[in-house]
Amino acid sequence: MIPNVLTVAGSDSGGGAGIQADLKTMLALGVHGMSVVTAVTAQNSLGVQGAWELPVEAVRAQYRSVVDDIGVQAVKTGMLASAELVEAVAELIAGTDAPAVVDPVGVSKHGDALLAASALDSVRSTLLPAATVATPNLDEVAQITGVRVESEREMRRAAGAVLGYGPRWVLIKGGHLPGDAVDLLTDGSEEHWLRAPRHDNRHTHGTGCTLASAIASGLAKGRSVPEAVAAAKEYVTGAVAAGFALGGGIGPVDHGWRFRGHV
Ligand SMILES: Nc1ncnc2c1ncn2[C@@H]1O[C@H](COP(=O)(O)OP(=O)(O)OP(=O)(O)O)[C@@H](O)[C@H]1O
Ligand SMILES: Cc1ncc(CO)c(N)n1
């Protein structure tokens with residue numbers, strides 16, 4: 001049986017991040033991808049030119065359609081735009097009997113806001129407690145906890161601060177630090193450092209979405225959190241290495257890197 005994975009996220013018209021990155025990742029990793037669209041962005045390699053949220057009833061209806069009939073083995077959340085959507089999605093995933101990977105998306109690679117500042121309290125009080133794994137980058141860690149990470153050493157303190165909001169596991173993504181691409185996965189007792197060489201490639205649009213969807217895909221296959229995260233890190237590292245130019249700005253990672261040469 002092919003496991004079902006659901007992404008609850010925004011659409012990136014440029015195809016490198018958001019729902020599009022999530023579904024491509026799921027295809028590449030051999031699971032059946034499904035989507036609940038929360039917002040539509042007009043977006044390309046240069047930035048986000050516009051964003052429109054869907055009504056909360058439209059988000060709830062998509063979620064119920066998928067979960068009540070088809071069923072899900074894992075859920076991933078990305079761009080949720082507003083406090084109202086964060087709270088609605090948090091309630092939906094808390095009521096679903098499947099692991100949830102929460103990527104608390106704040107801003108795009110170009111610095112465009114994908115979450116209202118007024119939604120941060122709801123992220124802390126409703127979304128993070130419903131997460132099996134939360135995957136903040138360093139800017140999101142600073143916004144959520146106030147902890148600023150400038151070195152690998154400080155990642156442990158940041159992880160503890162995020163765990164204080166109730167996710168089972170946290171993966172602190174150190175992709176924005178200089179040096180190796182180092183992430184820290186912990187549940188407060190076990191600690192796993194994931195280290196990969198930094199690829200000197202500016203075409204990294206979609207790294208965060210890709211990593212979170214790959215984790216959800218592994219969990220849906222029945223892997224443990226540390227196993228799913230290790231496999232996802234290997235997949236995203238290959239995708240960054242193969243990232244390619246598109247448009248005039250930052251191009252996407254290559255979700256199909258494992259197929260190249262075979263098709
Ligand atoms: N240049 C790079 N080379 C190798 N790995 C990288 C590079 N940049 C980021 N990564 C890895 O990609 C994953 C995503 O991390 P990152 O910090 O870029 O997420 P993000 O900022 O949420 O991404 P996004 O821009 O999609 O929101 C992490 O595992 C990180 O270590
Ligand atoms: C829709 C969307 N979700 C997430 C990201 C993450 O950077 C993005 N750029 N766009």
Side-chain angles (χ1 to χ4, degrees), residues 7-25 35-54 76-81 85 101-115 133-144 149 152 155 158 171-185 192-215 228-243 249-255 257:
T7 171
V8 181
S11 164
D12 168 8
S13 52
I19 290 273
Q20 288 79 0
D22 298 339
L23 293 175
K24 291 175 192 182
T25 298
S35 57
V36 167
V37 180
T38 57
V40 173
T41 69
Q43 189 172 171
N44 56 24
S45 71
L46 302 172
V48 178
Q49 290 81 41
W52 298 266
E53 280 171 55
L54 261 73
K76 176 254 165 178
T77 69
M79 175 186 179
L80 297 177
L85 285 179
V101 181
V102 167
D103 187 15
V105 172
V107 295
S108 80
K109 213 132 251 165
H110 293 92
D112 306 293
L114 301 173
L115 181 76
V133 193
T135 64
N137 66 23
L138 298 184
D139 297 327
E140 291 151 1
V141 166
Q143 278 201 313
I144 293 166
V149 175
E152 275 178 37
M155 288 169 74
L171 178 68
I172 305 285
K173 297 179 293 191
H176 300 192
L177 283 178
D180 284 351
V182 179
D183 309 331
L184 169 61
L185 172 72
H192 303 265
W193 290 89
L194 298 116
R195 185 177 293 273
R198 170 168 304 278
H199 290 290
D200 185 19
N201 182 353
R202 70 188 289 251
H203 303 303
T204 55
H205 183 62
T207 46
C209 306
T210 300
L211 179 66
S213 292
I215 297 169
V229 170
K233 175 74 172 173
E234 199 186 317
Y235 173 70
V236 79
T237 302
V240 172
I250 300 177
V253 302
D254 183 3
H255 297 100
W257 66 276

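Indexing begins at 1, ligand by ligand and atom by atom, following the structure's order. For the single chain, residues carry numbers from 1 onward in sequence order.
With a 4.0 Å heavy-atom cut-off, ligand 1 is reached by the backbone of T207 and by its side chain too. No part of A39 comes within 4.0 Å of ligand 2, judged by heavy-atom distances. The residue S108 has no part lying near ligand 1, judged by heavy-atom distances below 4.0 Å. At a heavy-atom distance under 4.0 Å, only side-chain atoms of L114, from C-beta outward, approach ligand 2. The side chain of K233, and not its backbone, has at least one atom closer than 4.0 Å to an atom of ligand 1 (non-hydrogen atoms only; side chain from C-beta on).
Separating the CG atom in D180 from the CG atom in L194 is a distance of 12.0 Å, to the nearest 0.5 Å. Rounding to the nearest 0.5 angstrom, the gap separating the CG atom in L85 from the CG atom in L54 is 8.0 Å. To the nearest 0.5 Å, the span separating CG on D254 from CG on N201 amounts to 10.5 Å. Separating the NE2 atom in H110 from the NE2 atom in H205 is a distance of 7.5 Å, to the nearest 0.5 Å. Put simply, CD1 on I19 and OG on S13 are 13.0 Å apart, with the number rounded to the nearest 0.5 Å.
Taking a cut-off of under 4.0 Å to the non-hydrogen atoms of G10, the atoms of ligand 2 that pass are 1 (C). If you number the atoms of ligand 2 from 1 as listed, the ones under 4.0 Å from a heavy atom of S11 come out as 1 (C). Annotation for ligand 1: atoms under 4.0 Å from non-hydrogen atoms of K173 are 14 (C), 15 (O), 17 (O), 19 (O), 20 (P), 22 (O). Close approach to A17 involves these atoms of ligand 2, each under 4.0 Å from a residue heavy atom: 5 (C), 8 (C), 9 (N). Of all atoms in ligand 2, listed by their number and element, those nearer than 4.0 Å to a heavy atom of S108 are 7 (O), 9 (N). Atoms of ligand 1 found under 4.0 Å from any heavy atom of G206 (numbered from 1 in listed order, with element): 26 (O). Taking every non-hydrogen atom of C209 and a distance limit under 4.0 Å, the qualifying atoms of ligand 2 come out as 4 (C), 5 (C), 6 (C).
Closest to atom 20 (P) of ligand 1 among all protein heavy atoms lies N137 ND2, 3.6 Å. Of all protein heavy atoms, the one closest to atom 9 (C) of ligand 1 is G175 CA, 3.9 Å. Among all protein heavy atoms, the one lying closest to atom 1 (N) of ligand 1 is H199 O, 3.1 Å. Nearest non-hydrogen protein atom to atom 26 (O) of ligand 1 is G208 N, 2.9 Å. For atom 3 (N) of ligand 2, the nearest non-hydrogen atom of the protein is G18 CA, 3.7 Å. In terms of protein heavy-atom proximity, atom 17 (O) of ligand 1 is nearest to H176 CD2, 3.3 Å. Protein heavy atom at the shortest distance from atom 13 (C) of ligand 1 is L211 CD2, 3.9 Å. Of the protein's non-hydrogen atoms, the one nearest atom 6 (C) of ligand 1 is A181 CB, 3.7 Å. With respect to atom 10 (N) of ligand 2, the closest heavy atom belonging to the protein is Q43 NE2, 3.2 Å. Shortest contact from atom 29 (O) of ligand 1 to any protein heavy atom: D183 OD2, 2.5 Å.
Partner E140 forms a side chain to side chain contact (heavy atoms under 4.5 Å, CB included) with one of D103, L115, V107 and no other, that one being D103.
With a 4.5 Å cut-off on side-chain heavy atoms, K173 and T135 count as touching. Contact annotation: the side chain of M155 approaches that of L177 to within less than 4.5 Å [non-hydrogen atoms, C-beta and beyond]. Using a 4.5 Å heavy-atom threshold, the side chains of V8 and L80 count as touching. Annotation: side chain of I172 is in contact with side chain of P136 (closest heavy-atom distance under 4.5 Å). Residues C209 and K76 form a side-chain contact, since some pair of their non-hydrogen atoms from C-beta on lies under 4.5 Å apart.
Backbone and side-chain nitrogen or oxygen atoms of N201 are examined, and none is located within less than 3.5 angstrom of a nitrogen or oxygen of ligand 1. Backbone and side-chain nitrogen or oxygen atoms of V182 are examined, and none is located within less than 3.5 angstrom of a nitrogen or oxygen of ligand 1. Between H205 and ligand 2, no N or O atom pair is found at a separation short of 3.5 Å.
No donor-acceptor contact under 3.5 angstrom links the side chains of E53 and T38, judged on distance only. T207 and K109 share a side-chain donor-acceptor pair at under 3.5 Å. A donor-acceptor contact under 3.5 angstrom links the side chains of T210 and H255, judged on distance only.
No heavy atom of A9 sits closer than 4.0 Å to any atom of ligand 2. A heavy-atom separation below 4.0 Å is not found between A21 and ligand 1. Using a 4.0 angstrom heavy-atom cutoff, H110 does not count as in contact with ligand 2. Distances from ligand 2 to the non-hydrogen atoms of A51 include no value under 4.0 Å. Residue contact check for ligand 1: T237 places no non-hydrogen atom closer than 4.0 Å to it.
In this structure, D112 contributes its side chain and V48 its backbone to a donor-acceptor pair below 3.5 Å. Looking only at distances, no side-chain donor or acceptor of R202 sits under 3.5 Å from a matching main-chain atom of G251.
Of all heavy-atom pairs between R195 and V182, the closest is NH1-CG2, 3.4 Å.
For residues 228-239, every residue pair satisfying the side chain to side chain donor-acceptor pair (under 3.5 Å) rule, not counting sequence neighbours, is listed here: D183-K233.
Comparing P104, P197, G174 against atom 4 (C) of ligand 1, the shortest heavy-atom distance belongs to P197.
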